[in-house]
Amino acid sequence: MPTDEPKQILLSPPHLSGAERHFVEEAFRTNWIAPLGPNVDAFEREVAARLSSDGAEMHCCATSSGTAAIHLGLIALGVQPGDLVLCSSFTFVATANPIRQLGAEPVFIDSDDASWNMSPTALRRALHALAAEGKRPRAVVTVDLYGQGCDYGAISPICEEWGVPVLEDAAEALGATVHGRPCGTFGAVAAFSFNGNKIITTSGGGMLASCDARVADRARFLATQARDPAPHYEHSVAGFNYRMSNICAGVGRGQLLVLDERVARRREIFAQYRRALGGFEGVEFMPEPAWSHSTHWLTALTIDPARAGTTRDAMLAALAAQKIEARPTWKPMHQQPLFSGCRMFTHDEARAPVCERLFRDGICLPSGSSMSDADVARVIAACERTLGGGRSAHGVEPAVAAARSV
Ligand SMILES: *Cc1c(COP(=O)(O)O)cnc(C)c1O
């Protein structure tokens, strides 16, 4: 094999701390190779402690995936067949699947330009329109996209005014804050993911969080086959096998110790990309409002083909050729064949949905916290070459920029 072959740069690979081994070995030593066990209890307490603040204690239930936590969260909010559930359109499919799986119908809400997250204006429009039809949604599912919390300063009062509870999909946002308050504390219930590609991982797992201890207790009950208290196996409702294993929770405990470092590194990577590429004409990074402290789980940006002189897809191809893994931003749910026919509310009927543009032009760059500065520089160089044909905002002529990039 040639040694000068550049190594593949992945989008967001796991990044171990080394401390995971201690907790996993403890599990082996004590033969807790089972679902549940001391690591699970401790991991729940430790995540809850991170989310809690003075006077607002949080309660957690560790699950086999973030999707399972969303499913249990919707059940906690009483979602039933025939219900309407408002849901951010610009997200990963796992946000919306459990809505359908409960027999409820998602109604999608557009993003706003300022945060790329659920538009408070579109949300209000949906609530008014549905009320005019005599309908009230059972829940609102917000998504803290790419690790950035939603505009809860606007969204929370709207949901309170209408009496509709919020499920916060914070799968990508453990360690983020909005107005200084941790993401995962804005809904009546929230879900985190510890999939291998997230900020921290348990190799696969999730966490339901709530300020209501009864919600977390009920989730634990449903996630362990809903066994009624009895010496034999007694069941009065249908449960799930959704609990996290004691081994996975051990990995999670070792990861949680370095959460702040992982978030700091992802934010640094975002800043490096923005410094280098933000000046190119037609390039716009996901904005971070003053009230937001994002994890920047993935660095996301849009490339306006009319101004950049290149396209998102050309950029993806150029990066792939350099063995750099990048991805389009999420394809909105209302554009998915799976959800064809579902309703969608924008903040201005006269305009095309914001999230359709964010998908058409959007790209996520490699953002793993284990990336070296040299890795980031390699991605930047490949991006600059593709953008070189366009004009930079610093007024460099295309020919000069092209010559410079050779
Ligand atoms: C990863 C992710 C999920 C699903 O989490 P899993 O642990 O993979 O089930 C849900 N929502 C969003 C926004 C995600 O990024």
Side-chain angles (χ1 to χ4, degrees), residues 10-30 32-54 56-66 69 144 146-149 170-177 180-185 190-210 216 243-271 293-298 367-373 375:
L10 296 170
L11 188 72
S12 180
H15 184 188
L16 295 181
S17 70
E20 299 85 1
R21 194 179 289 274
H22 163 76
F23 297 106
V24 172
E25 268 166 12
E26 181 74 6
F28 273 85
R29 202 179 53 76
T30 54
W32 274 105
I33 314 298
L36 309 182
N39 276 334
V40 176
D41 299 340
F43 190 40
E44 288 176 345
R45 277 195 311 272
E46 288 158 6
V47 172
R50 262 207 74 105
L51 300 174
S52 298
S53 54
D54 294 343
E57 201 191 335
M58 295 294 291
H59 307 272
C60 288
C61 165
T63 54
S64 50
S65 70
D144 300 333
Y146 300 125
Q148 172 151 282
E172 305 165 359
L174 183 63
T177 61
R181 191 171 132 188
C183 285
T185 66
F192 294 104
S193 168
F194 304 114
N195 191 17
N197 63 356
K198 295 303 198 307
I199 299 283
I200 61 169
T201 185
T202 59
S203 84
M207 189 75 81
L208 174 145
S210 176
R243 284 292 256 159
M244 182 180 281
S245 90
N246 197 52
I247 299 286
C248 293
V251 176
R253 293 184 73 192
Q255 288 268 285
L256 193 60
L257 294 172
V258 294
L259 173 63
D260 291 332
E261 287 163 49
R262 297 297 184 255
V263 170
R265 180 61 184 151
R266 288 197 192 241
R267 288 183 60 82
E268 210 170 81
I269 290 168
F270 177 90
H293 185 85
S294 171
T295 63
H296 286 304
W297 170 57
L298 296 182
S367 306
S369 46
S370 56
M371 282 178 85
S372 66
D373 286 347
D375 290 337

Taking [X] for the side chain and [Y] for the main chain, is one N or O donor matched with an acceptor at less than 3.5 Å?
X    : Y    : value
E26  : V24  : no
T201 : N195 : yes
R262 : G175 : no

*Distance-only polar pair, side chains of R266 and S12, donor-acceptor under 3.5 Å*: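 Result is yes, a qualifying pair exists.
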_Is a donor from one side chain sitting under 3.5 angstrom from an acceptor on the other, for R181 and T177?_
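The answer is no; no qualifying pair exists.
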Can you tell me how far apart [atom1] ([X]) and [atom2] ([Y]) are? Round to the nearest 0.5 Å.
X    : Y    : atom1 : atom2 : value
T295 : E172 : OG1   : CD    : 7.5 Å
S367 : W297 : OG    : CH2   : 8.5 Å
F192 : T63  : CZ    : OG1   : 11.0 Å
L174 : K198 : CG    : NZ    : 12.0 Å

*asked:* For S369, give me all partners under side chain to side chain donor-acceptor pair (under 3.5 Å), at least two apart in sequence or on another chain.
replied: H15
*Mind checking side chain to side chain donor-acceptor pair (under 3.5 Å) for E261 and listing every partner two or more places apart, or none if nothing turns up?*
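E261: no side chain to side chain donor-acceptor pair (under 3.5 Å) contacts found.
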*Should the pair R50-D260 be classified as a salt bridge under the 4.0 Å nitrogen-to-oxygen rule?*
yes
I want to check something: taking the side chain as every heavy atom from C-beta on, are [X] and [Y] in contact at a cut-off of under 4.5 Å?
X    : Y    : answer
H296 : I269 : no
L256 : I200 : yes
F28  : I247 : yes

What donor-acceptor contacts under 3.5 angstrom involve side-chain atoms of residues 33-48, with partners at least two apart or in another chain?
from : atom 1 : to   : atom 2 : distance (Å)
N39  : OD1    : R253 : NH1    : 3.0
N39  : ND2    : F23  : O      : 3.1
N39  : ND2    : N246 : O      : 3.2
E44  : OE1    : R220 : NE     : 3.3
E44  : OE2    : A62  : N      : 2.7
E44  : OE2    : R243 : NH1    : 2.6
E44  : OE2    : R243 : NH2    : 3.4
E46  : OE1    : R253 : NE     : 3.3
E46  : OE2    : R253 : NE     : 3.1
E46  : OE2    : R253 : NH2    : 2.9

Atom of [X], atom of [Y] and distance for their closest heavy-atom approach:
X    : Y    : value
S17  : G254 : OG-O, 3.0 Å
L208 : A69  : CD1-O, 3.7 Å
P13  : G368 : CD-CA, 4.1 Å
C248 : M244 : CB-CG, 3.9 Å
G149 : C183 : CA-SG, 3.6 Å
C60  : L51  : SG-CD1, 4.3 Å

